[in-house]
Amino acid sequence: MAYHKLFSIIFALLLVFQVHGSVAYKPKVCYINAIYSLGDSITDTGNLLHLGLGGSFTPIANFPYGQTIHKATGRCSDGLLIIDYLAEALNLPLINPYLEKDANFDNGVNFAVAGATALESSTLLQKGILAPYTNASLSVQLDWFKTYLNSKCTSKDACEKMLDRALITLGEIGGNDYNYAFFEGKQIDEVKNLVPLVVQKITNTAKELIEIGAKHIVVPGNFPIGCMPSYLSAFGHNTEDFDDFKCLKSFNSFAMIHNEKLQASLAQLRETYPHVQIMYADYFHAFMHLLEKASLHGFEKDSLMKACCGAGGKYNFDATKICGAPGTSVCENPSNHISWDGIHLTQEAYKVMAKTLISPGGFIIPSYGVQGLWKCY
């Protein structure tokens with residue numbers, strides 16, 4: 001029965017997308033009436049901004065970040081993110097960040113924080129890895145979620161009712177645990193030891209969400225990090241390191257190790273909680289599909305591996321001059337680029353990914369059939 005409901009969610013999302021990804025039809029009400037998000041900069045809509053910025057995240061408070069939507073909101077892009085397009089598809093307002101004072105949370109809350117890790121910063125530090133930007137790890141975000149629920153519902157039954165028609169997005173998270181390790185000089189074989197810990201943390205968080213009433217959970221996997229300008233610039237030195245897409249084979253293989261272990265863990269979780277929809281969002285293959293079909297979506301062939309905003313060089317990325325810093329510039333049309341700042345994607349790339357995630361036969365797993373019992377009305 002849970003899978004039939006899953007198909008219905010995807011169908012309801014799909015109904016509101018046109019061929020080119022714009023919202024074609026906005027019904028009054030969809031089955032899903034709220035979105036609650038945990039994660040990192042792929043999902044953060046402003047929490048780090050309210051926590052206080054530092055280091056390479058400082059520029060996100062100002063243009064060119066947010067230039068496409070004419071406002072710097074704390075999103076790590078030129079505009080909207082995947083979570084925003086999911087909200088639009090469900091005819092919900094954009095989900096406000098938890099730390100925004102006096103924000104409207106009637107249709108959900110975004111607890112994600114840019115720079116966040118799955119593991120606590122103290123755990124990473126024990127392994128010689130510094131998480132430099134925030135201590136708002138997955139545990140902290142889950143505590144925020146519980147605090148919020150306690151302020152809204154007075155019993156377990158009331159919380160379950162409140163979450164009955166809510167969509168929980170748990171991630172993408174864990175990418176920064178690996179990013180910090182790699183860019184601080186750890187080797188792939190050493191970082192592989194983190195994977196079971198990260199996957200277990202995500203799984204345990206999903207369990208806790210289910211125990212407090214979550215019925216519909218989406219857990220994204222990691223991106224093909226070997227295709228990102230930040231990795232290409234730092235580690236792309238030898239011809240034999242690259243695949244046919246000009247991505248780094250070893251780092252993409254690492255990302256797949258994480259994703260395969262995460263999917264296996266989620267499969268076990270479905271057996272334990274058959275009444276809950278536990279969906280895996282395959283960001284890895286959704287992104288590779290985007291690369292493969294880039295020209296069909298209007299992305300410039302010669303710019304697929306270049307950041308729109310950066311400081312020059314082969315990949316237009318310099319770790320010492322992140323987008324928005326002095327000495328950087330912005331491409332004329334961000335919608336022609338996949339990468340925004342060498343680390344995050346452009347609004348247009350996120351829009352295309354959102355569409356492919358929820359299309360029939362798309363990158364939400366399991367995704368049999370795609371037919372709807374829950375419709376917008």
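Model, not experiment: these values are computed from the prediction. For the numbers below, each heavy atom of this structure counts, side chains included, while hydrogens, waters and symmetry mates do not.
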- Query: Got a donor-acceptor contact below 3.5 angstrom from the T272 side chain to the Q268 backbone?
  - Reply: yes
- Could I get the full list of salt bridge (Lys or Arg N to Asp or Glu O under 4.0 Å) partners for K306, not counting sequence neighbours? none
- Item | Spacing of CD belonging to E348 relative to NE2 belonging to H297, to within rounding of 0.5 Å | 9.0 Å
- Note on the structure: Residue set satisfying ring pair (Phe, Tyr, Trp, His ring centres under 6.0 Å) with F183, at least two apart, ordered chain then number -> Y231, F235
- Query: Taking NZ, NE, NH1 and NH2 as the nitrogens, is one of them in E211 or K207 under 4.0 Å from a carboxylate oxygen of the other?
  - Reply: no
- Query: Any sub-3.5 Å donor-acceptor pair from N176's side-chain atoms to A116's backbone N or O?
  - Reply: yes
- Message: Whether the side chain of R165 engages the backbone of Y31 through a donor-acceptor N/O pair (distance < 3.5 Å, no angle test) should be reported.
- Response: yes
- Side chain Q141, main chain A136, donor-acceptor under 3.5 Å: yes
- Would you say S359's side chain and K355's backbone share a donor-acceptor pair under 3.5 angstrom? yes
- Note on the structure: Output for pair (T117 OG1, D177 CG), nearest 0.5 Å, gives 5.0 Å
- Item | Whether N316 side chain and A307 backbone form a donor-acceptor pair below 3.5 Å | yes
- Query: Are C331 and C309 within a span of less than 2.5 Å, counting SG to SG?
  - Reply: no
- Dump the intermediate steps for side-chain hydrogen bond (donor to acceptor under 3.5 Å, both in side chains) on H50 and N47, then the final yes or no. CA-CA 5 Å; H50 294 286; N47 282 315; over 6 Å; no
- Message: If the condition is side chain to side chain donor-acceptor pair (under 3.5 Å), which residues does S41 pass it with, not counting sequence neighbours?
- Response: H344
- side chain to side chain donor-acceptor pair (under 3.5 Å) partners for N336, two or more places apart: E300
- Could you pull out all residues at least two apart from F182 that satisfy ring pair (Phe, Tyr, Trp, His ring centres under 6.0 Å)? F251, F254
- Any donor-acceptor pair under 3.5 Å from S339 side chain to L345 backbone: no
- Drop me the distance from M353's CE to L357's CG, to the nearest 0.5 angstrom. 5.5 Å
- Indicate, with yes or no, if I343 and F63 share a hydrophobic cluster defined by side-chain heavy-atom contacts under 4.5 Å among Ile, Leu, Val, Met, Phe, Trp and Tyr. no
- Message: For Y178 and H258, I'd like to know if the aromatic rings sit close, meaning centre-to-centre distance below 6.0 Å.
- Response: yes
- Message: Is there a side-chain hydrogen bond (donor to acceptor under 3.5 Å, both in side chains) between Q263 and N259? Walk through the geometry before answering.
- Response: CA-CA 6 Å; Q263 288 183 76; N259 291 342; over 6 Å; no
- Task: Show your working on side-chain hydrogen bond (donor to acceptor under 3.5 Å, both in side chains) between T68 and Q347 and close with a plain yes or no.
- Result: CA-CA 8 Å; T68 300; Q347 171 178 285; 5.4 Å; no
- Do F242 and M228 share a hydrophobic cluster, counting only Ile, Leu, Val, Met, Phe, Trp and Tyr and linking them when any side-chain heavy atoms are less than 4.5 Å apart? yes
- Query: With sequence neighbours left out, what residues match T45 under side chain to side chain donor-acceptor pair (under 3.5 Å)?
  - Reply: N110
- Item | ring pair (Phe, Tyr, Trp, His ring centres under 6.0 Å) partners of Y36, counting only residues at least two apart | F145
- Task: Check the pair S139 / K201 against side-chain hydrogen bond (donor to acceptor under 3.5 Å, both in side chains), numbers first and verdict last.
- Result: CA-CA 9 Å; S139 292; K201 185 65 179 181; 2.5 Å; yes
- Query: Who are the salt bridge (Lys or Arg N to Asp or Glu O under 4.0 Å) partners of E184, not counting sequence neighbours?
  - Reply: none
- Item | Listed partners of D341 passing salt bridge (Lys or Arg N to Asp or Glu O under 4.0 Å), at least two apart | none
- Task: Look at the side chain of R270 and the backbone N and O of I278, then say whether any donor-acceptor pair between them is shorter than 3.5 Å.
- Result: yes
- Once you round to the nearest 0.5 Å, how far does CG of L291 lie from CZ of F245? 6.5 Å
- Query: Do you know which of I338, I42, I83, D78 makes side chain to side chain contact (heavy atoms under 4.5 Å, CB included) with Y350?
  - Reply: I42
- Note on the structure: Residues passing the disulfide (SG to SG under 2.5 Å) test with C76, sequence neighbours excluded, are none
- By salt bridge (Lys or Arg N to Asp or Glu O under 4.0 Å), D157 pairs with (sequence neighbours left out) none
- Query: With D44, which residues qualify under side chain to side chain donor-acceptor pair (under 3.5 Å), at least two apart?
  - Reply: none
